[in-house]
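One structure is given here, and the rest of the page talks about it.
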Protein chains: 2
Amino acid sequence: MNRKKKTTITDIARKLNTTPSTVSRALADHHRISDEMKKAVWEMVEKMNYQPNSIASALRKGKSNIIGVIVPTSDRQFFASFIRGIEEIVRDEGYHLMICQSDDQYKKEKSSIDTLLNIRVDGIIASVAKETSDISHFQKVKNLGVPLVLYDRVIESLDVNMVISDDYLGAYQGVVHLIEQGCRRIAHFAGKQHIHIYQNRLKGYLQALEDHNLDVDEELIIESDLIQNTYRIVQTGYQMGKKLMKLPQPPDGLFSSSDFAAIGAIGYFKESGIAIPDEIALVGYSNDFSASVIEPGRTSLDQHTIRMGNLAAEQFLKQARTKPEKFLSQKTLLTPELIVRESSLKKVAEKPSP
Amino acid sequence: MNRKKKTTITDIARKLNTTPSTVSRALADHHRISDEMKKAVWEMVEKMNYQPNSIASALRKGKSNIIGVIVPTSDRQFFASFIRGIEEIVRDEGYHLMICQSDDQYKKEKSSIDTLLNIRVDGIIASVAKETSDISHFQKVKNLGVPLVLYDRVIESLDVNMVISDDYLGAYQGVVHLIEQGCRRIAHFAGKQHIHIYQNRLKGYLQALEDHNLDVDEELIIESDLIQNTYRIVQTGYQMGKKLMKLPQPPDGLFSSSDFAAIGAIGYFKESGIAIPDEIALVGYSNDFSASVIEPGRTSLDQHTIRMGNLAAEQFLKQARTKPEKFLSQKTLLTPELIVRESSLKKVAEKPSP
DNA sequence: CATCCTAGCGCAATCCTTTGCATGATATTC
DNA sequence: GAATATCATGCAAAGGATTGCGCTAGGATG
């Protein structure tokens, strides 16, 4: 309809018989501008319904007030709350978020970074796609001096800010819990080992066994792709659960690196009349919403994703305020919290030993 | 570290002994530029690692290639796949998404719109916050001539593009299905009635009953806030389920406007030994992921959210390509699909096949 | 041979804000 | 009362890409 020309500070200046510079300074609350002038400007701003053109501002200042966030996929609760965590922190600082999905594809990740760089974002917060092995695009961000924070799936070799969940410790806690519940043959659904988080979870699992003098049985460790369509992971979990229970010596405990694989396994156990947790106790990972509503309630590791977002945002802010030459990268480890539910709570464990 | 100055087209022009205009046109593949020149420019672009400054471009062209998307909250699968649906379409057109969360608060919604307008987005795709009653901010977008597409929770009175799910029909289908399964006293978990989608679902419910000569019992219709923290909705569902079954004449069917409320109710039914679907058959809404993994599998209405995103994006593109004076708003209704699972499939109701 | 056309490119203005420096007017100091 | 400080504002140049218009050289046309 009436695609009006938007009012600019020049328009305002004209009306007030002054110059754009003064208006600009008045709006920025510059100390060298008189209170009357400021008042007059603000009145005119209201009257003419002025909306600052942040594009022009960004061009001049060389800063867009936008933070680029790259998520592998926003389908997971994890990323949704992580983003929320970032927003909580940066909103008051006047930053806004531009969210890109890499869909775990290297190509999309690279092109997202290019786009973000093109619009001159003030920083990038990213989790690395599962496909990615060439990291030159991240290197480029760093070389350009654009603040970069990696989270969750990171590249250890890159000297940048990182905020990650302590997957090793999480896994360790989960497995120790199973051991304390009386499990002696604990299986593990592992993720692809070129991804750090899954590597660390496996390590935590192994360490927990070792610390309790339990043997490691390779048969009980099943590796699969835990980063893909949720429904497929559930199916895979079902199959893996089946495979485990068909073993000559089936396990009595299961630590799954994915909540969704755990769901699949639970599905199989229930279907086959295998009692949870009595015949097999189970711990998942991520504390997905479903953990509390699927029976039996699923013990899982909460990663405090909102807090993770908070921290990532804070690291960004810190770096943005630091001169590049003074900057030191920082790695924050968040401890996951074991949320115990019925899937791992053996009633027998309450009995005093005879 | 080495925060290099980025190369500009002026730099390239200098190297090639030409002018920025020529470089600009060469990059845009302008027909008045010779092929040799284009080639030379592209080579130099590679060599000097030129990255276009989209800020400057946006300022000059008055177009940012960014679409603003406002979601009430990204915690729900709904919005995640909706966003994916938009991206699928606009990615190839060179558009990018800026996602803002209103958290269902009027204030945040209004401020998000202001921000988006400030960065001169090329269009806005939004779902209205549950709190919103004053719609002047949307009116403003429209008056400014910025393409606006409303989805899911829309404002019917506004003459803008809309893409919505046919909630009336969805509810109707769900309830008819319950009737066909033999239910005669069907309860309904309704959402707050000032929100269109819940109003329409209630209407669909009522119409289905009427069309099958079933009486409406006010006691069986419970209204509650279905837009809030997921865990709370589940709890509310539990309580409402309990309330229903304590009735002198409890229902034999339940149509819930929310999948999560349905989960809560299922929780209560299972706990109390009420058989699903035999004593009470149940249909939810949204076909959330959990529908397929919580037992019993939950019959629900799939809203085809990715497709909804596709359509919203297409409507935006169409409007963006149309002159404002030629533009006619369009309302697209998507038919939800009933996904039948065990929660409503009474064994007795063996279907007579043709 | 004069005129017209066209391909290929340059000039300079434009988009709107921001900001270093200059200016003029008071106010303060010695 | 002259010199300096302070205040409030103006001037003009960025910032990088785009674009209408103008210019030139060469070929085509009559």
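Chain letters run A, B, ... following the sequence lines, proteins first, then strands; residues in each count from 1.
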Donor-acceptor pair between S329(A) and N161(A) side chains, under 3.5 angstrom: no
In whole Å, I'd like the distance from the [atom1] atom of [X] to the [atom2] atom of [N].
X: D35(B); N: dA7(C); atom1: CG; atom2: P; answer: 13 Å
X: D29(B); N: dT19(D); atom1: CG; atom2: P; answer: 14 Å
X: N118(B); N: dC16(C); atom1: CG; atom2: P; answer: 14 Å
X: H30(B); N: dA7(C); atom1: NE2; atom2: C1'; answer: 12 Å
X: K61(B); N: dG16(D); atom1: NZ; atom2: P; answer: 18 Å
X: N53(A); N: dT14(C); atom1: CG; atom2: P; answer: 17 Å
X: R120(A); N: dG15(D); atom1: CZ; atom2: C1'; answer: 11 Å
X: H31(B); N: dA7(C); atom1: NE2; atom2: C1'; answer: 9 Å

Are the side chain of [X] and the backbone of [Y] linked by a donor-acceptor contact shorter than 3.5 Å?
X: D103(B); Y: Q105(B); value: no
X: S127(B); Y: Y151(B); value: yes
X: K38(B); Y: H30(B); value: yes
X: Q101(A); Y: V71(A); value: no
X: T22(A); Y: T18(A); value: no
X: S54(B); Y: N118(A); value: yes
X: S112(A); Y: K108(A); value: yes

When you compare the protein's N or O atoms with those of nucleotides 23-25 of chain C, which come within less than 3.5 Å of each other, and at what distance?
none

Which protein N or O atoms sit under 3.5 Å from an N or O of nucleotides 20-28 of chain D?
residue: dG20(D); atom: O6; partner: R25(B); partner atom: NH2; Å: 2.9

More than 12 heavy atoms of other groups within 6.0 Å of E156(B) CD: yes
Other residues, nucleotides, ligands: >12 heavy atoms within 6.0 Å of K63(B) NZ: yes
Taking only the side-chain nitrogens and oxygens of [X], find out if one of them lies under 4.0 Å from OP1 or OP2 of [N].
X: S57(A); N: dT18(C); value: yes
X: S24(B); N: dT18(D); value: yes
X: T19(A); N: dG10(D); value: yes
X: Y50(A); N: dC16(C); value: no
X: S34(B); N: dC9(C); value: yes

Sugar-phosphate only, base, or nothing, as touched by [X] at under 4.0 Å among non-hydrogen atoms:
X: I9(B); value: base
X: N17(A); value: sugar-phosphate
X: T18(A); value: sugar-phosphate

Residue closer to the 5' end of DNA chain D, E36(A) versus T22(B) (nearest nucleotide): E36(A)
Heavy-atom closest pair, residues Q319(A) and L148(A): OE1-N, 3.6 Å
Five-pair end axes of the helix from dC1(C)-dG30(D) to dC30(C)-dG1(D) and the angle they enclose, rounded to 10°: 40°
Member of D104(B), T132(B), D152(B) meeting the side chain to side chain contact (heavy atoms under 4.5 Å, CB included) criterion with P72(B): D104(B)
Of the listed nucleotides dG16(D), dA13(D), dT18(D), the one nearest the side chain of R60(B): dT18(D)
Straight-line distance of K326(B) NZ to L328(B) CG, nearest 0.5 Å: 10.0 Å
